[in-house]
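Numbers restart at 1 for each chain; the letters A, B, ... are given by sequence-line order, proteins then strands. The shown structure was predicted, so the numbers you read here are calculated from the model rather than taken from an experiment.
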Amino acid sequence: MRFRKLGALAVGGALVVGACTQTPAASPGGSASASAGGSAAGSGAAGDTSKGTVKIAVELPLEGSELAASQPIINGIRLAVKEAGGAAGGYAVEVPESAVYDDAVNGAHDPQQGATNMQTIVQDPSIVAVIGPLNSSVASAQIPISNEAGLLQCSPANTNPDLTKGDPAKELRPNPDKNNYIRVVTTDDVQGPAAAQYIIDNLGKKSVFIIDDTETFGKGVADAFEAEFKERGGTVVGHEGVPKTTTDYQSILTAAAALKPESIYFGGVTATGGARILKAAVAAGLGDIPYVGPDGINDGSAETPDSFLNLAGDDAKNSYSTLAGIGDFPAKDEFDAAYEAEYGEQATGYAATGYACAQVVLDALRRAGEGGGGSDMAALREAVRAAGTDSSVSYDTILGEITFTPEGDTSQRIISIYAYDPEAKDWAFKEQVDFGAE
Amino acid sequence: MTAAAVGRRGRRFGRDEFRDVLVRHRTVSILVGMSLVGFLLYFLPYVPPFSLFNFHQAWLNSFASAGVFVLLALGLNVVVGLAGLLDLGYAAFFAFGAYTYAYGASPFSGNHAPFLLMLFLGAVVAALFGLLLGAPTLRLRGDYLAIMTLGFGEIVPIVFLNTDEYTRGTNGIGGIYRPDLPILGPFGALDNFKYFVVMVFIITITMILLYRLQDSRIGRAWMAIREDELAAAANGINTVTTKLLAFAIGATTAGFAGVFNASKLTIVSPDQFLFAVSFTVLAMVVLGGMGNIWGVAVGAFVIALIQSTFLTQLNQFVSTFRGIPVLDILSRVNFIQYQFLLYGIALVLMMLFRPEGLFPSQRRRMELRVAEELDPEAEAKALEAAAASETVAGGGEPTDPVVVGAMGPPPGSDEDTARPYGDDRS
Amino acid sequence: MTAIATPASPASRRRPAWFLPVVSLGGVAAYYLLLRFVFGIGEGTALQQVANALSTGAIYALVALGYTMVYGIIELINFAHGDVFMVGAFVSLFFLVQVLGNTGLTAPITNLPVLLLLIGAALLVTMPLIGLLNVGIERFFYRPLRNAPRLAPLITAIGVSFILQNIALVIAGSGDESSPQIFPIRDWRLSIGEITIPYLSLFVFALAMVLMVLLQTFVGRTRLGRAMRSTAQDREAAALMGVDLNQTIALTFLLGGALAGAAGVVWGLTYGYVRSDLGFNAGLKAFTSAVLGGIGNITGAVLGGFIIGFVEVFATTLGQTRWSQFVVFVVLALVLVFRPAGILGQQVGERA
């Protein structure tokens, strides 16, 4: 790892030095829950760094279409660290390039690579927490490792319920009593039903044709949607699994059109066919009914390359998407402004959840640091884990007040609904549904 | 005779004798060799530049993961390298091994069978499926076999994916129990050393078995079939049974790899067994040198390490150039994204310029270069070399590719091309 | 063996000329009736699905022709052919985007002459380019290995396939690229009562048939075509009779590539997206088509393409899309095991 450190130093050096030489501000243990209100300034005061330097690792797929979702997360994390003054609990905190790990192989996330990365991450004593991954399947390969190592892991995007709930979650953890995994987004068993509720209550449609991409996320959210839709008295006229290798979508939608659904629900992401299916639906004469999908299709405006709206063009006129997360969080405007000032582009997708994860990690580090914390990195790591997963603590994050359940799920079970805005050629926030604390 | 001449001859003698000893005592030499390799690998990460790249534990983890590919490549080498059959769906047998372990030892199934028993069972199940696939298809000629196996490799993950009730579908079976072995004790997620030891052990056993097979009657039958199936059949070799055996042995090894990988990753899901795996392993076998067990093992190991560790580190290294003029472009290159492009280029270049692989087996080398070696002197030398390296333990070989090539029909019509495709049932 | 069988060749001599069209038509009718009455699919849907199957099948057939001709002449499964088709789809996409961008036209184009002109131009650009790409692949990667053991060119072909696919991945990224759907698929529909079928399906089918008839005529009736057939039958004898082997083989790759290019154009019109792994997925099905019809047999490849198209649409119509790939491969396995020479291929012993 020295090699990496060298590389990081060579370049990141200027930045680190810059941060260190700033006059320490008068706020020792600079609060990680630095409210977003103060964030617009963009330059948090440098905190107390007397106890040394620690790192937060990031583990995300950084290739292909998934990079579009991952980059805002990294940006969000770095923004949070910067605004906290690059310090917490008496430690200088860094997110160097060398601690950003890529789990994509051949253009898509890969659980095996994710596990290999996690094996490396847990070996680095200067890493106190890891933020990631993007995909639930990668998380299921990583949690056994990070849990055994007692390393705090916060995912800004995992939505599969099996990661935290029930027997499957217990089976993943060698030490179920010492949870290390938390997430700031709510689960598919909330996101799917939210869409069902919206279609029936707000759009007034009583029947649906469901298509999923047969992958972990897509099928999971579609199954949860189906259960809720039926529960609410709706009719599911068909549920088709359409793998991303499919070539002919036209016949699928022809078959769907014959069933005369009042709406279509797509469980999946853009890369697995979100826009292709929409186009085929419009061609099959289903262009006038709502086309609803999860956050997998809420991946940027029509100007973002390879995004759903970019590929769908005008066919997206009746499209809706849900986002597992709060859409109009209180400090949204400040956050967007700070983000844009820092990166010169709009905050999209999971930028805010990445920011929130970093806030949680920094706050855990602050509390761990306050309770002592010296140069014993193993003890610090354990203290951060214990602090981060403490279900009695309430975090003041950019997403609002949140607590975590003992399993690691966020108390904030809010789903935001977006609709396509043909004027802006972008998703427009419609409303959010609060499912309340569990 | 001058002293220099004596010296030269003595040296040559020594080398040949050494090789002779290695071949005669193959089992012992593999045991010694693998212990040495394991020992060296354990200490290698302490030495620069390896120590700079990654942590010792992370290296051991990478070694153990690379071992999975070594096993896969060893198995595929039996099918492609020794018997000359192109199997493009090899990942399917890997999947059978992995799912067998998942059923044998996971909370999902409620069973908790010992690791060693499951290692054996996983191999048996994979071998059975090898026979099941092979029995109807091995009668077909080579390229149909390639397509059938490709189809099989596509189908198997689809079936695991779509039968959710029994396989948990796309979520995969998680929480698989880790091994608990005598001496080593129970394994944990971070016990990379234990996995490393087990992997070295499995590879050693596999290598001993494979070398024994290669040197046996069956091994010679495989090579005879590879070189000239008609001639092999005419010499009384039951070609279907022999090919079937190659298939089953290859599948067995993949079964080992599957069980080990499932026990290490603790989750199996259909997307771990796609065509990309089959292709990667094929590239490893071709690069290592089809037919040469050690060569293939080394090739697979190096490629797997490059893939899992080196490319990642390279990416992180160049990413630190971000923002620096000129070098910034380099920082945006994602080397992992290029890996399949590199494999493709490597395959093509190898086939065009060095078909025998980086670490060739002498016999295979001659065979693949048959059209080029027209110089009789070179032929004689190559023959001599081959006789020394390959046939010491096995005794005389009935067929010789160079002779076939030189005396038979012109190269343009080697046995396969000359045969009409209707022959596949004969 | 007559690797490239044509109406004039001995393979189909025993069947009268009307045999295949009539049987095919009967098959389509039976398919329709099966959907309609056995599985209770609505009249309109069943007819639309037949149209979908025809256009899907036409694309598979066009790609399958390249596999089958190459196999017929040098007995090589050209694994890279599916990716050659993918490159064709990208070339067509790029051309159309450029034209639309520079002329201010917007898709879809409702002016028929302009539309036909544009499609014609796309074909004229894509077909020769992709044909030449295919010739280049043969020249540089397969020709040096023509006398090598069989495994060598086969592995090379897989390598070339991955090279093409990953170059496309690096250039275009792993996401979809939108291809301009210049043919008005939504508005131009054939109405029979309440049933509407996009004219595009019929256009694609007709275009594919025209290309195939042209190919048949070329192979069956011209001097070069005769050279191809004789080379396929016996390479040495053909060479002795004065056939230029290299030229003939290059011609075969040119024709196969050009058809794959045409398939690429048609693909963009029909589905409106291109992706780097398209060649692998569609190519596999096209190859299955070629084997199904009897590899080396031109008519067989076309027939196989349509059968695979119909099988796929069948699985989809019954709401079993996730099993459609499975079904296609099971069909392939059954054919290979029970009739390895394919539907129209000759069985052992037919060859004198």
Within the structure provided, determine whether Trp323(C) and Val159(B) are in side-chain contact (heavy-atom separation under 4.5 Å). yes
Evaluate the side-chain proximity of Leu151(C) to Val80(B): yes if any heavy-atom separation is below 4.5 Å, no if none is. yes
Relative to chain B, which segment of Leu164(C) carries a heavy atom at a distance below 4.5 Å: side chain, backbone, both, or neither? neither
Honestly, the part of Phe79(C) sitting under 4.5 Å from a heavy atom of chain B is side chain
Look up atom [atom1] in [X] and atom [atom2] in [Y], then write down how far apart they are to the nearest 0.5 Å.
X         : Y         : atom1 : atom2 : value
Ile155(C) : Met351(B) : CD1   : CE    : 4.5 Å
Phe329(C) : Ile158(B) : CZ    : CD1   : 7.0 Å
Leu332(C) : Met148(B) : CG    : CE    : 6.5 Å
Phe141(C) : Leu349(B) : CZ    : CG    : 8.0 Å
Tyr144(B) : Ile295(C) : OH    : CD1   : 5.5 Å
Ile158(C) : Leu282(B) : CD1   : CG    : 5.5 Å

Could you walk me through whether Phe162(C) and Phe279(B) satisfy the ring-ring contact (aromatic ring centres under 6.0 Å, His included) test, starting with their C-alpha distance in whole Å, then the side-chain angles of each, then the deciding distance to 0.1 Å, before giving a yes or no? CA-CA 9 Å; Phe162(C) 266 76; Phe279(B) 173 72; 3.4 Å; yes
Kindly give the heavy-atom pair with the smallest separation between Leu341(B) and Ile163(C), and that separation in Å. CD1-O, 3.6 Å
Indicate the atoms forming the closest heavy-atom contact of Leu154(C) with Ala146(B), along with that distance. CD2-CB, 4.4 Å
Side chain, backbone, both or neither of Phe152(B) within contact of chain C (heavy atoms, under 4.5 Å): neither
At a heavy-atom distance under 4.5 Å, which candidate from Asn162(B), Val348(B), Ile345(B) has the highest pair count against chain C? Asn162(B)
Kindly indicate, with the supporting measurements, whether the criterion side-chain contact (heavy atoms from CB on, under 4.5 Å) is fulfilled by Thr137(B) and Leu336(C). CA-CA 8 Å; Thr137(B) 52; Leu336(C) 281 182; over 6 Å; no
Winner by heavy-atom pair count (cut-off under 4.5 Å) against chain B, out of Val328(C), Leu169(C), Leu76(C): Leu169(C)
